[in-house]
Amino acid sequence: MDFDFKKIEQKWQKRWENKKIFQVKESKKKKFYVLEMFPYPSASGLHMGHALNYTIGDIYVRFKRMQGFNVLYPMGFDALGLPAENAAIKAGEHPKPFTEKAIKNYVKQMKLIGLSYDWSKTLSTMDPEYYKWNQFWFLKFLEADLVYRKKAPVNWCPKCKTVLANEQVQKGVCWRHEDTEVEIKHLDQWYLKTTKYADELLDKVDGLEWPQKIKSMQKNWIGKSHGTEILFEIEGKKWPIFTTRPDTLFGVTFMVISAQHSELMSLVTEKQKKEVEKFLKKLKSTSEKDIEELEKEGVFTGSYARNPINGEEIPIWAGNFVVADYGSGMVMAVPGHDQRDFDFASKYKINIKEVIKQEAKPIASLSKNQTKGGNVKEKAYIQEGVLVNSKEFNGIKNDKAKEKITEFLKKKKLGKKVIQYKLRDWGFSRQRYWGTPIPIINCGSCGLVPVPEKDLPVKLPEKVKFGKGNPLETNEKWINVKCPKCKGDATREPDTMDTFFDSSWYFLRYPDNKNSKKPFDKTLVQKWLPVDQYIGGTEHACMHLIYARFFTKVLRDLGFLDFDEPFTKLFNQGMLKGHDGEKMSKSKGNVVLPEEVSKKYGIDAARLFLVSNSSPDKDIDWSEEGIQGSFKFIKKIVNYFEEVQFEKADARIESKINKTILEITEYLENFKYNLAVIKLRELFESLPEKTSKEVLENSLKLLNPFCPHITEELWEKLGNKNFLSLEKWSKANKKKINEFFEKQDLAISKLISDINQIFKLVKNKEKIYVYVLPNEKELYDEALINKISGRKISIFAVNDKTKYDPSNMSKKTKPGRPAIYLE
RNA sequence: GCGGAGUUGCCGGAGUGGUCAAACGGGGUAGGUUUAGGACCUAUUGGCUUAGUGCCUACAAAGGUUCGAAUCCUUUACUCCGCACCA
């Protein structure tokens with residue numbers, strides 16, 4: 001055993017690079033665009049978990065390339081963003097060189113893993129030649145009235161010192177700082193009208209070949225619901241209130257406005273002011289995390305609303321359980337028929353009114369929560385029923401009443417049917433440095449003036465001070481400019497864009513990554529897009545994957561492209577965890593580095609191991625024994641190739657290899673790499689000592705996507721001068737597949753196992769006689785059995801007159817079960 | 001609470017109506033080889049039993065459908081992952 005896999009890896013990585021064999025070229029071949037979500041280049045580099053992510057894609061790409069597709073497989077870097085800025089500050093460095101270093105390191109590591117990216121197509125979002133186009137899009141969106149600025153309650157992370165999008169707030173804490181509660185601030189921010197596309201984003205989800213999970217997460221996030229908007233009059237002002245239950249309008253006994261509502265104080269009367277302020281103070285002191293278990297609480301504001309349907313005066317409360325930016329931030333409360341309202345009303349002794357009654361039904365069908373007659377006692381009655389206490393609507397079934405009441409309100413111009421979404425407009429401005437500057441100039445006399453297109457990019461100035469407020473404001477030379485309109489003194493917008501803006505269209509830039517005139521050439525993008533296979537984790541289900549879809553639709557409507565969806569297929573890879581089953585992290589000390597593994601076992605073994613044990617969409621644990629198993633397998637193959645002799649292939653191995661080609665092709669296509677590896681093991685296990693070059697070559701081709709280096713080496717050893725990586729994927733010859741061989745293998749191994757068992761039970765026997773049914777004689781091939789078992793075994797058909805059978809064992813023979821006699 | 005995925009041998013995991021005591025790997029055990037260890041090779045790895053091909057138990061639990069179920073249906077339990085007071 002004298003193969004130096006390290007040397008082999010370097011040799012082939014170098015050759016691939018020198019010959020530029022993975023560079024995509026003009027070709028008549030069918031295009032295929034494979035993409036992994038581009039990484040944020042962290043200073044700590046890639047660990048084995050990243051290697052798994054990218055190996056999954058690389059295996060697929062190598063397979064597709066061999067299948068004859070013109071594959072575009074680029075890699076780039078999501079270089080801007082908070083983590084880089086924070087890490088750089090911590091390291092006392094400027095984010096720019098800091099990130100550049102990290103990128104260099106990433107590229108080096110990626111090459112080491114044998115990933116077959118086309119590096120001529122790379123991009124980095126920190127490159128002004130890239131973010132210039134972010135600014136370009138911003139201006140286009142502005143023209144198209146898709147961008148606006150508004151003062152609104154926003155999520156503010158005191159640690160990031162910036163505003164966060166809704167998508168970046170998880171369970172009340174910052175997605176980057178689990179220990180940091182998000183505060184609500186009222187600030188002027190830039191918004192993108194994602195809601196304008198809510199309908200299409202929702203409708204087209206179903207048509208995507210994406211994991212069901214992601215699709216339902218997106219649907220849930222967009223959260224469409226149909227309802228009625230009802231105008232309640234408060235202090236002479238009309239307030240639109242959204243409800244899905246207009247049928248319960250007569251049962252409204254109070255209103256609740258969100259405690260976070262910006263106009264809350266305008267509803268609070270002088271008398272109640274103290275109470276409300278006390279309540280708000282208390283709310284602020286409870287941590288966001290505890291809010292889950294928080295009881296519904298509220299305080300009376302002192303104001304009243306008028307119910308448009310019956311003119312009743314309804315007290316308005318402020319409550320902690322109403323979402324401020326859904327609907328209008330105020331709800332009509334019907335304690336009789338909504339559990340939350342019921343809880344609230346019970347607590348504050350507010351009147352509960354029954355307006356829906358169960359239709360007469362046999363008592364047996366009453367659920368345990370209902371009392372006879374549908375009286376509301378401990379719980380709200382939320383089932384179907386007929387209206388009562390609702391004047392002219394009495395007796396109508398409640399689902400019908402929804403329409404009737406809405407119609408009634410509409411006629412009086414007091415309400416209308418509406419559709420509500422949970423999805424909000426995307427607030428994308430950030431008060432941080434390391435992002436794309438928003439190309440806006442604030443002029444005292446002209447207002448907000450867009451930077452003219454010809455002046456793009458607005459480059460990030462290098463000299464800024466970190467720590468206090470918005471860093472860009474600390475560079476006076478940069479911040480102070482002349483107004484493009486009136487040439488008077490003005491200042492630049494100091495906010496930068498959320499980095500999700502960068503990643504919302506990067507996949508469109510790859511095919512034309514060097515274009516300095518346009519973000520991309522339309523024909524090129526039309527040629528390569530949509531991405532045929534996108535690969536990434538689930539964590540982006542409601543962020544990047546929604547934004548990217550939104551961008552695609554907007555750019556389509558602005559005429560930059562002609563398709564609707566950016567990613568035809570999506571694959572969610574699983575996570576590689578440490579040997580302890582925990583997420584890899586420095587603090588846990590369970591991080592495995594590709595360099596170290598490569599040194600010990602070679603990167604091919606690592607690649608193989610990563611996809612061997614479990615389906616790539618499931619989480620796996622790193623295991624030292626596991627990779628040793630893959631390492632042994634590779635060593636065995638290398639040894640085998642050193643000793644194999646050439647001869648015409650026999651039908652048995654021909655059958656095996658053709659069948660394996662079929663199976664592995666199918667498995668690779670569906671990302672069932674673990675099953676493909678099993679078939680590979682079985683194939684190499686069954687390769688005979690002497691066989692044809694063709695069989696060997698085909699076997700190497702099948703293994704190549706998993707272990708590209710060692711297979712290239714062996715391919716060359718077979719006398720080939722070209723790259724295996726550029727070879728054509730084998731096609732199975734179905735005619736050569738013969739199921740007989742498999743049946744035979746099975747039968748023989750069972751027989752041998754039986755013989756072995758008898759040997760265990762009885763000692764001092766040497767000669768073995770086996771009796772088989774005449775029609776199974778062919779199956780139990782004596783020469784083959786002897787070869788496999790390494791014993792001398794005599795096979796007789798039971799009807800063989802000349803057989804040796806002193807104890808008449810042959811009469812025990814049954815179909816598929818030969819009789820055995822030892823002596 | 002809602003939605004999604006899952007529960008298979010010592011472990012990771014295949015299998016989705018009969019060909020299943022269950023692929024493949026890891027681990028264990030026994031033997032071979034080796035100066036020893038490692039590496040490698042071979043056998044074995046649910047229980048009982050026996051010159052094997054037999055019986056029993058088993059695919060979270062309990063029921064059901066079926067000639068026949070790990071595989072289909074129902075209920076229950078547990079695990080994981082999303083969303084979560086969206087009116």
Side-chain angles (χ1 to χ4, degrees), chain A residues 1 170-172 211-221 223-225 227-228 241-246 248 252 255-256 258 291-296 319-334 337-341 343-344 420-424 538-539 541-542 572 581 608-609 612-615 617-621 623-630 632-633 635-636 639 672 674-682 685 742-743 746 750-763 765 789-790 807 809 812-823:
Chain A
M1 247 296 305
Q170 284 151 7
K171 293 190 176 146
Q212 197 48 52
K213 189 183 163 193
I214 303 286
K215 293 206 268 186
S216 52
M217 278 168 82
Q218 286 209 352
K219 279 195 213 165
N220 195 295
W221 187 261
K224 184 178 185 174
S225 55
T228 304
I241 304 295
F242 177 75
T243 180
T244 54
R245 295 296 303 273
T248 61
V252 178
M255 312 287 285
V256 189
S258 166
I291 252 170
E292 279 176 53
E293 292 102 51
L294 205 65
E295 220 181 300
K296 287 163 192 60
N320 63 352
F321 66 100
V322 175
V323 178
D325 51 357
Y326 182 75
S328 54
M330 195 189 317
V331 297
M332 57 178 235
V334 186
H337 306 285
D338 181 283
Q339 192 54 43
R340 294 158 301 183
D341 299 345
D343 295 342
F344 194 86
Q420 273 289 337
Y421 297 93
K422 286 195 218 172
L423 185 79
R424 320 286 155 77
T538 51
E539 66 273 22
C542 299
N572 279 140
L608 189 65
F609 165 68
S612 283
N613 276 337
S614 167
S615 175
D617 56 353
K618 290 195 181 135
D619 291 352
I620 52 165
D621 295 346
S623 134
E624 197 69 17
E625 287 96 355
I627 188 166
Q628 278 174 21
S630 300
K632 277 188 221 166
F633 175 59
K635 273 204 300 192
K636 250 191 238 180
N639 284 341
K672 296 192 170 168
N674 52 327
L675 302 183
V677 171
I678 287 167
K679 291 298 164 192
L680 280 168
R681 295 189 103 111
E682 286 176 355
E685 189 64 37
E742 262 178 71
K743 256 196 244 162
L746 222 71
K750 203 169 172 195
L751 174 66
I752 292 172
S753 153
D754 280 346
I755 292 171
N756 284 332
Q757 227 177 103
I758 302 174
F759 263 106
K760 257 186 167 175
L761 295 165
V762 290
K763 307 281 184 246
K765 307 283 181 188
S789 67
S807 56
M809 264 306 181
K812 285 194 170 182
T813 303
K814 284 178 200 161
R817 281 154 190 178
I820 301 161
Y821 173 66
L822 306 187
E823 71 168 22

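These values consider heavy atoms only, across backbone and side chains, with no hydrogens, waters or symmetry-generated copies. Each chain gets a letter, A, B and so on, in the order the sequences are listed, and its residues count up from 1. The shown structure was predicted, so the numbers you read here are calculated from the model rather than taken from an experiment.
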Problem set entry | Separation of atom NZ in K219(A) from atom P in A84(B), rounded to whole Å | 18 Å
Problem set entry | Atom-pair distance (CD on E682(A); C1' on C24(B)), nearest Å | 7 Å
For this session: Name the nucleic acid region contacted by D338(A), choosing base, sugar-phosphate or nothing; use a 4.0 angstrom heavy-atom cut-off, strictly under.
Result: nothing
Exercise. What is the nucleic acid contact for A819(A), judged by heavy atoms within less than 4.0 Å: base, sugar-phosphate only, or nothing?
Worked result: base
Exercise. Who passes side chain to side chain contact (heavy atoms under 4.5 Å, CB included) against T244(A), sequence neighbours left out?
Worked result: F242(A)
For this session: Could you check whether S630(A) gets within reach of a base, just the sugar-phosphate, or nothing at all, counting any heavy atom under 4.0 Å?
Result: nothing
For this session: Verify the contact: side-chain N or O of Y326(A) to OP1 or OP2 of A87(B), cut-off strictly under 4.0 Å; return yes or no.
Result: yes
Exercise. Looking only at atom P, what distance separates G15(B) and U34(B), rounded to whole Å?
Worked result: 43 Å
Short N/O separations, protein against nucleotides 11-15 of chain B, under 3.5 angstrom:
unit_1, atom_1, unit_2, atom_2, d
A14(B), OP1, K618(A), NZ, 3.1

Identify all pairs in which a protein N or O lies below 3.5 Å from an N or O of nucleotides 36-44 of chain B, and state each distance.
none

For this session: Starting from P on A84(B), measure out to NZ on K296(A) and report it in whole angstrom.
Result: 16 Å
Exercise. What pairs with F321(A) under ring-ring contact (aromatic ring centres under 6.0 Å, His included), at least two apart in sequence or on another chain?
Worked result: F344(A)
Exercise. Contact class for Q212(A) vs. all strands (heavy atom < 4.0 Å): base, sugar-phosphate, or nothing?
Worked result: nothing
Problem set entry | Pairing string, 5' to 3', for RNA chain B - Watson-Crick or wobble contacts under 3.5 Å, brackets [ ] where pairs cross, | to another strand | ((((((((.[[[..)..(.....]]]((((((.......))))))(((.....)))...[[[[[..)....]]]]])))))))....
Exercise. Can you tell me how far P in G68(B) sits from the matching atom in U19(B), rounded to whole Å?
Worked result: 14 Å
Problem set entry | Partners meeting salt bridge (charged side-chain N to carboxylate O under 4.0 Å, His left out) with K672(A) (sequence neighbours left out) | none
For this session: Round to the nearest Å and state the distance from L423(A) atom CG to C83(B) atom C1'.
Result: 14 Å
For this session: Answer with base, sugar-phosphate or nothing: what part of the nucleic acid does F633(A) contact at a heavy-atom distance below 4.0 Å?
Result: nothing
Exercise. Hey, is R424(A) close enough to D325(A) for a salt bridge, meaning N to O under 4.0 Å?
Worked result: yes
Problem set entry | Candidates G3(B), C85(B), G25(B) - which lies nearest the side chain of S216(A) | G3(B)
For this session: May I ask you to say what V322(A) touches in the nucleic acid, namely base, sugar-phosphate or nothing, with a heavy-atom cut-off under 4.0 Å?
Result: base
